[in-house]
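Just so it is clear: chains get the letters A, B, ... in the order the sequence lines come, proteins before strands, and each one is counted from 1.
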Amino acid sequence: MLFNSFLFLIFFSVVTITYYAIHHKWRWLLLLIASCYFYAFLIPAYLLVLFLIITIDYAAGLLIESNQGRARRLYLVMSIISNLTVLGIFKYHNFFVENFNLLSGIFSFKTGSFSIWKLALPIGLSFHTFQAMSYTIEVYKGREKAERKYGIYALYVMFYPQLVAGPIERPQHLIPQFYQQHKVDYDGITNGLKWMLWGFFMKVVVADRLGIYVDYVFKNVEVHSRLALITAVFFYSFQIYCDFAGYSLIAIGSAKVMGFTLTKNFNRPYLASSLRNFWKRWNITLSQWFRDYVYFPMGGSRVTKSKYIFNILVVFILSGLWHGANWTFILWGLIHGLFILFGFLRHKFLPGFVISRFIGIVTTFLAVSFCWIFFRSQNLREAFIIIKRIFSAKTIQLIEGEFDERSLLVYSFLGIFTIVATEMANEFYPGKFLLLQSPKEWVRLTTCIGLIIIILLFGVFDGSQFIYFQF
Amino acid sequence: MKRISFFRKIFIIMTFLILIDRGLGTILQHYYLKIRHGEQGRTNYVIDSCNSETIILGSSRAAHHYVSPVISEILHTTCYNAGKDKQRLRYCLAMLNILYQRYSPKQILLDLNPTAFEVNENGLDELSVLLPYYGLHPEIRSIVNERNRFECIKTYSDLYRLNSLPLKILFNNISKERDANESSGYVPLVIHKELIPDTPDKLPGSLPIDSSIVNCFKDIVRLVKDHGSRLFVIVSPIYYQLPENLKTIEIAKSICRNEKIIFLDYSQSRLFLDHGPEMFLDMGHLNDSSAIVFSTILSRDLRNIH
């Protein structure tokens with residue numbers, strides 16, 4: 001089910017009202033059934049995949065806790081391998097087979113070619129496998145007790161607001177909340193609804209509007225001018241941010257309405273003054289996952305310089321691979337890693353060279369936008385065509401046609417302006433220019449009404465998917 | 001106390017929302033219906049003013065291939081091109097439903113896309129262009145409601161029906177472009193949008209047939225016959241090699257044969273394909289000068305049939 005569908009509004013209302021209406025001891029069951037319905041809406045069979053992961057990790061958690069020494073490690077490794085195998089089958093099998101077949105063709109291996117599997121990727125698979133893995137790792141490290149109730153553990157992995165695109169929650173943060181009795185908290189409900197409203201605005205008014213132009217240009221990159229390509233890349237930077245951050249806000253808001261607190265996943269990432277700072281603000285829970293479970297175990301930054309460089313590159317390449325089984329994602333991750341290392345080298349060899357925050361924000365945004373070219377392209381060829389044409393095309397025409405397209409561009413720029421203005425106000429003047437959180441009631445109400453009117457009038461209601469669902 | 005305050009706020013928000021939705025919706029709709037330029041102007045003109053004897057219906061291929069002044073001149077009739085970009089048969093059915101509330105054209109030229117009956121993976125989003133007329137024309141509601149199962153609820157909001165249109169309403173109301181009826185609805189294509197190969201490619205693999213679209217085609221045939229108009233189903237040239245026995249064309253031919261409707265297939269006309277890409281603007285569309293050639297050939301054929 002998509003957050004930006006009318007069905008979700010009905011689903012959310014029914015689940016929330018029922019949640020508060022029934023006794024506390026049955027609420028987990030309601031949420032579990034609701035989450036199953038939410039997930040099964042597109043391909044019901046993939047509930048089996050999800051429950052396979054849940055069952056393996058539930059059992060692994062209990063076994064890790066009840067054993068000592070090498071056995072604990074063995075169960076952890078088995079759990080991780082199981083999760084990665086599921087990911088490998090659905091997400092990476094075809095990628096590796098294609099590349100293996102290509103290499104065997106080039107070097108004439110006599111292995112016979114492997115076949116491609118026609119499997120649809122379960123929505124949000126990478127998110128919930130990572131969340132499941134964080135549970136077994138935390139139990140192994142002794143920071144979390146193994147969950148005894150299968151239903152509660154299943155709900156930890158499947159909790160519908162964050163099931164398909166995060167935030168990736170740690171067990172010690174989310175599981176205890178399922179045991180808490182949430183009473184009706186009107187302030188919490190109001191705040192949750194406001195976050196949802198702003199999330200819907202980001203998604204349907206800004207992201208989906210920008211997506212129309214981005215799709216138009218990326219569909220046929222070879223015929224578009226330099227200006228059109230630059231505009232499309234610039235739009236995509238905001239599209240993916242508003243799409244993903246919008247999703248996260250709806251997730252956090254809908255959980256808040258029921259009394260749950262989810263981890264903040266975005267913190268004005270395009271106002272980061274360096275790539276390192278960007279990754280502390282973008283998809284925060286995923287960055288923390290890689291930091292805690294990959295980067296730190298490899299030694300982090302407290303190693304030799306060559307090992308540090310290796311660690312950074314490995315983490316970012318894995319992060320790219322996490323997003324998708326395509327060389328474009330791998331290169332996207334690699335370039336991010338190289339930019340981080342470039343910043344590290346600059347600090348090391350030019351310690352006195354300080355750039356202003358404004359320049360830092362602009363250069364970081366340009367670097368991130370450049371990387372999005374690889375992220376959005378279907379293949380490396382397309383990405384390099386875009387880069388080549390940006391630096392060589394001559395025409396300046398943006399888009400052919402008449403008012404339809406002109407109004408599309410006006411809406412797009414207005415949407416971006418609204419997002420940038422809001423983020424800058426929150427970043428540089430915290431506490432001032434409050435609208436949804438204003439101390440004056442009439443300002444809050446007017447803002448809510450205005451946002452709903454804007455969503456009705458300017459939202460894109462074609463039921464488009466969230467970009468991060470594919471991961 | 002907090003509960004009362006919460007529900008009081010909800011009440012205030014809902015009240016103002018309904019008032020603004022109705023008030024702003026009425027104003028925007030008034031100005032939307034006044035548009036006489038561009039895409040919206042053409043649709044408004046067809047819906048509320050057009051009284052041409054010949055009406056051309058179909059998708060962008062209809063809008064850009066049928067030069068209505070040429071057809072008017074050769075057939076000695078008044079002709080308006082009501083084809084619309086990105087639209088398909090359901091839109092044609094809706095337009096006919098609206099037109100027949102006002103008058104019955106003598107003949108309808110329906111341009112059929114060679115893959116018109118195949119399942120469309122994009123759903124029925126394109127029917128949103130009919131939303132501004134949803135309140136005024138109950139005869140199209142069942143067609144618009146096919147967009148999704150909640151459409152009949154969503155359309156209670158006037159602002160939803162005018163979604164994404166405020167700027168178009170503003171631009172078109174202040175525009176000094178010529179009126180839509182001055183061009184008889186024909187929209188020439190002059191700007192290249194994609195690269196065309198030197199020889200036509202094979203049509204990409206076909207999708208399954210959507211029986212609801214076939215039924216829609218049958219509804220069009222029935223509606224036109226019931227109102228005493230003459231229907232011509234035409235497949236205009238396309239820069240693809242079409243396979244023999246293409247399902248859509250076979251089904252359409254069969255229906256036309258049974259209903260005694262004239263079916264004219266120019267899709268693989270050598271006159272157009274043999275000249276390579278120069279007669280086409282993209283794979284699916286003729287350029288302006290080729291559209292004039294096609295309209296002339298079609299009109300002469302129609303004259304001979306008459």
Problem set entry | Residue part contacting chain A, namely of R161(B), when any heavy atom lies under 4.5 Å | neither
Problem set entry | Region of L7(A) that comes under 4.5 Å of a non-hydrogen atom in chain B | both
For this session: Could you give me the CA-CA distance, side-chain angles and deciding distance for F150(B) and I10(A), then say whether side chain to side chain contact (heavy atoms under 4.5 Å, CB included) is met?
Result: CA-CA 11 Å; F150(B) 298 113; I10(A) 298 171; 3.5 Å; yes
Exercise. Considering only heavy atoms, which portion of S164(B) lies under 4.5 Å from any heavy atom of chain A: side chain, backbone, both, or neither?
Worked result: both
Exercise. Which heavy-atom pair separates Y411(A) from K168(B) by the least distance, and what is that distance?
Worked result: OH-N, 4.5 Å
For this session: Sort and list the pairs that fulfil ring-ring contact (aromatic ring centres under 6.0 Å, His included) and have at least one residue in residues 186-206 of chain A, not counting sequence neighbours.
Result: Y186(A)-F6(B), W198(A)-F201(A)
Problem set entry | CD1 on I12(B) to OG1 on T446(A), rounded to 0.5 Å | 10.0 Å
For this session: Take atom OH of Y20(A) as the centre, draw a 6.0 Å sphere, and report whether it contains more than 12 heavy atoms from other residues, nucleotides or ligands.
Result: yes
Exercise. What pairs with T447(A) under side-chain hydrogen bond (donor to acceptor under 3.5 Å, both in side chains), at least two apart in sequence or on another chain?
Worked result: none
Exercise. Above 12 or not: heavy atoms from other molecules or residues under 6.0 Å from CZ of R381(A)?
Worked result: no
For this session: Check step by step if side chain to side chain contact (heavy atoms under 4.5 Å, CB included) holds for L408(A) and L167(B).
Result: CA-CA 9 Å; L408(A) 170 74; L167(B) 275 184; over 6 Å; no
Exercise. Between CG of L162(B) and CG of L456(A), what distance do you get to the nearest 0.5 Å?
Worked result: 11.0 Å
Exercise. What part of L165(B) is in contact with chain A, defined as an atom under 4.5 angstrom from a non-hydrogen atom: side chain, backbone, both or neither?
Worked result: backbone
Seminar exercise, completed: Counting heavy-atom pairs under 4.5 angstrom with chain B, the leader among I453(A), T190(A), I455(A) is I453(A)
Problem set entry | Heavy-atom pairs under 4.5 Å with chain B, option from D187(A), D185(A), V184(A) with the top count | D187(A)
Exercise. Under 6.0 Å from the CZ atom of F16(B), do we count more than 12 heavy atoms belonging to anything else shown?
Worked result: no
Problem set entry | Enclosure of Y31(B) OH (heavy-atom neighbours >12, cutoff 6.0 Å) | no
For this session: Find the distance between CD1 (I452(A)) and CG (L159(B)) and round it off to the nearest 0.5 Å.
Result: 11.5 Å
Exercise. Minimum heavy-atom separation for G459(A) to N163(B), with atom names?
Worked result: O-ND2, 2.8 Å
Exercise. Rounded to the nearest 0.5 Å, how far does CZ of F461(A) lie from CG of D125(B)?
Worked result: 12.0 Å
